[in-house]
Asks: 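Below are the structure tokens for one structure; questions will follow.
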Amino acid sequence: MWNTVLKDNLKACVPFRNTIRRVVRRLRPYRSMPENDALATSNGLQILKLVRQYDLSARDVLEVGTGWIPTIPKLFKAHGAQSIVLTDVEPLCDAQTAALAASLAQKALPDLNAITGQDLAILESNLAREGIESYRCPPQLEGLPDQSIDLIYSRTVLEHIPQPALVALLQEWRRLLRPGGCCIHIIDNSDHFEHRDKRLSRLNFLTLTNVAWRVASFNGQNFQNRLRHSDYVTLFRDAGFELLHVEGEPDPKTLEDLKTLRIIPAFAHYTPEDLATLTSIVIARNAPVAAAAN
Ligand SMILES: C[S@@+](CC[C@H](N)C(=O)[O-])C[C@H]1O[C@@H](n2cnc3c(N)ncnc32)[C@H](O)[C@@H]1O
């Protein structure tokens with residue numbers, strides 16, 4: 001893991017990274033990983049299934065943290081969204097990766113049809129529309145009007161946002177959402193270094209002191225706030241959201257790992273089940289602001 005940290009931290013110090021990325025992409029087209037593409041598509045379909053299940057409005061949509069391949073926004077487009085705001089703090093997405101996302105979404109249309117019952121021809125013509133998406137990087141959400149969005153969603157993003165910034169963002173989402181508008185977030189609570197080194201426990205990062213973790217996550221793309229499942233529930237409630245759906249099951253292998261892992265004291269007050277909940281799905285509704293008491 002520390003070799004990866006060293007490499008990534010050096011990369012984070014390279015100036016003009018965005019320009020270099022653009023040049024490299026021109027010389028060598030972006031190569032995605034089919035298993036990651038399949039997982040993103042399946043998470044997108046899962047989000048749209050929840051949209052249908054809870055009968056949520058998804059006309060004007062905002063994605064938090066688009067990343068490299070905007071497959072999920074394309075699925076929302078096929079579903080019939082009228083406007084989709086894609087946001088990121090790093091310009092990872094470009095015309096090449098957007099074209100790849102469109103072809104991935106096209107392939108997933110029969111699955112979307114199975115979930116929503118929408119006619120395949122309608123899904124296809126929805127997907128072909130132009131001028132629906134806008135990309136804001138940096139997000140500069142303050143430039144968007146109050147109550148202009150029906151649905152805000154993210155996939156594997158919230159764990160990358162420092163807690164104080166997340167608290168502020170939740171208030172910004174409340175401002176942007178129409179009354180009754182909702183958020184759907186899929187959060188990956190596991191140590192992402194394990195994604196690249198399967199010898200690690202999925203909770204290895206909870207064994208690192210705050211200082212060691214600050215070093216390990218110095219590269220912004222490696223930063224994780226280490227919040228646990230219950231923390232997100234508290235954050236949404238405290239921000240005044242009404243929780244419609246909270247999903248998260250402890251991972252059996254990780255529960256087993258916890259018997260021997262030397263978790264730092266800062267995490268000692270969590271239950272093992274809470275610590276070992278590696279994926280959280282939260283649907284939170286923008287509850288009306290309570291009338292001020294006299
Ligand atoms: C692990 S990637 C996930 C990308 C994409 N959602 C997906 O599922 O493939 C996390 C993304 O969140 C972005 N991000 C981190 N903090 C953010 C913030 N405060 N606002 C918007 N995007 C953010 C990162 O730049 C990165 O693109």
Side-chain angles (χ1 to χ4, degrees), residues 4 8 11-12 17-18 21-22 25 30-48 50 61-77 84-94 96-98 100-105 108 133-144 149 151-173 175-176 183-196 202 205 217-227 232 235 239 278-282:
T4 310
D8 288 356
K11 271 196 219 159
R17 270 179 304 141
N18 294 339
R21 184 185 299 114
R22 272 201 303 275
R25 288 238 186 123
Y30 180 82
R31 272 176 299 184
S32 70
M33 289 163 61
E35 63 274 25
N36 289 352
D37 295 341
L39 190 56
T41 304
S42 122
N43 284 160
L45 293 168
Q46 190 179 8
I47 291 173
L48 279 157
L50 289 166
V61 177
L62 184 143
E63 180 178 68
V64 186
T66 296
W68 295 259
I69 309 174
T71 311
I72 304 180
K74 300 285 181 202
L75 291 173
F76 269 98
K77 189 161 114 170
I84 309 172
V85 183
L86 287 70
T87 66
D88 210 319
V89 290
E90 286 216 42
L92 302 171
C93 170
D94 62 17
Q96 232 180 69
T97 61
L100 171 61
S103 74
L104 292 168
E133 296 129 297
S134 57
Y135 187 43
R136 295 174 76 92
C137 183
Q140 293 177 327
L141 298 182
E142 63 285 359
L144 296 174
I149 304 286
L151 186 82
I152 295 177
Y153 72 88
S154 71
R155 169 186 178 259
T156 66
V157 175
L158 300 200
E159 70 271 19
H160 295 291
I161 303 179
Q163 181 169 350
L166 191 52
V167 168
L169 202 49
L170 287 169
Q171 288 310 322
E172 194 59 356
W173 295 345
R175 179 186 74 76
L176 290 174
C183 294
I184 304 186
H185 299 285
I186 300 186
I187 310 160
D188 180 351
N189 304 315
S190 72
D191 181 344
H192 293 11
F193 282 107
E194 182 271 348
H195 298 181
R196 290 187 273 173
R202 298 184 74 189
F205 63 170
S217 61
F218 169 74
N219 182 317
Q221 290 294 327
N222 288 340
F223 176 81
Q224 283 185 260
N225 54 33
R226 299 197 287 181
L227 292 171
Y232 288 104
L235 282 176
L278 301 181
T279 303
S280 303
I281 302 181
V282 174

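One-based numbering, in listed order, for ligands and for the atoms of each. Hydrogens, waters and symmetry mates are skipped; everything else that's a heavy atom, side chains included, is used. What you are looking at is a predicted structure, and each value in this text was computed from that prediction instead of being measured.
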Asks: Suppose I only count heavy atoms of L92 and a 4.0 Å limit; which atoms of ligand 1 are within that range?
Replies: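 In order of numbering, the contacting atoms are 27 (O).
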Asks: Working to the nearest 0.5 angstrom, can you tell me the gap between I281 CD1 and I186 CD1?
Replies: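 Here the interatomic distance stands at 4.5 Å.
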Asks: What atoms of ligand 1 come within less than 4.0 Å of a heavy atom belonging to I161?
Replies: 16 (N), 18 (C), 19 (N)
Asks: Would you mind telling me if ligand 1 is within reach of the side chain of N43, the backbone, both or neither, using heavy atoms under 4.0 Å?
Replies: neither
Asks: Going by the angle between their ring planes, with limits at 30° and 60°, are H160 and H192 parallel, tilted or perpendicular?
Replies: perpendicular
Asks: Hey, which atoms in ligand 1 end up nearer than 4.0 Å to a heavy atom of G67?
Replies: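 Contacts of ligand 1 toward G67, numbered from 1: 4 (C), 27 (O).
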Asks: Give the atoms of ligand 1, by number and element, whose distance to some non-hydrogen atom of T66 is under 4.0 Å.
Replies: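 Going through ligand 1 atom by atom, the ones under 4.0 Å from T66 are 4 (C), 5 (C), 6 (N).
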Asks: Which bit of E63 is near ligand 1, meaning a heavy atom under 4.0 Å away: side chain, backbone, both or neither?
Replies: neither
Asks: How long is the gap from CG on L151 to CG on L62, to the nearest 0.5 Å?
Replies: 9.0 Å
Asks: Quick one: which residue pairs count as a salt bridge (Lys or Arg N to Asp or Glu O under 4.0 Å) with a foot in residues 64-76, not counting sequence neighbours?
Replies: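 Residue pairs passing salt bridge (Lys or Arg N to Asp or Glu O under 4.0 Å), neighbours aside: K74-E133.
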Asks: Would you mind running through ligand 1 and noting each atom that sits below 4.0 Å from a heavy atom of Q221?
Replies: 25 (O)
Asks: Which of these passes ring-ring contact (aromatic ring centres under 6.0 Å, His included) with H185: Y153, Y232, W173?
Replies: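 Exactly one option meets the ring-ring contact (aromatic ring centres under 6.0 Å, His included) with H185, and it is W173.
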Asks: Which protein non-hydrogen atom lies closest to atom 23 (C) of ligand 1, naming both residue and atom, and how far is it?
Replies: V89 CG2, 3.7 Å
Asks: Quick one: nearest non-hydrogen protein atom to atom 6 (N) of ligand 1, plus distance?
Replies: G65 O, 2.7 Å
Asks: List for me each residue that meets side chain to side chain donor-acceptor pair (under 3.5 Å) alongside Q46, sequence neighbours excluded, and say none if there are none.
Replies: N43
Asks: Given side-chain hydrogen bond (donor to acceptor under 3.5 Å, both in side chains), test N189 with S280 step by step and report yes or no.
Replies: CA-CA 7 Å; N189 304 315; S280 303; 2.8 Å; yes
Asks: Could you tell me which atoms of ligand 1, counted from 1 in the order shown, lie closer than 4.0 angstrom to a heavy atom of H160?
Replies: 1 (C), 10 (C)
Asks: Okay, side chain of R226, backbone of F205: is any donor-acceptor separation there less than 3.5 Å?
Replies: yes
Asks: What protein heavy atom is closest to atom 8 (O) of ligand 1, reported as residue, atom name and distance in Å?
Replies: R155 NH1, 2.6 Å
Asks: Where is the nearest protein heavy atom to atom 1 (C) of ligand 1: which residue, which atom, and how far?
Replies: T156 O, 3.2 Å
Asks: Any idea which protein heavy atom is nearest atom 13 (C) of ligand 1, and the distance to it?
Replies: D88 OD1, 3.2 Å
Asks: For the atom pair CG (L169) and CG (L158), what is the distance rounded to the nearest 0.5 Å?
Replies: 8.0 Å
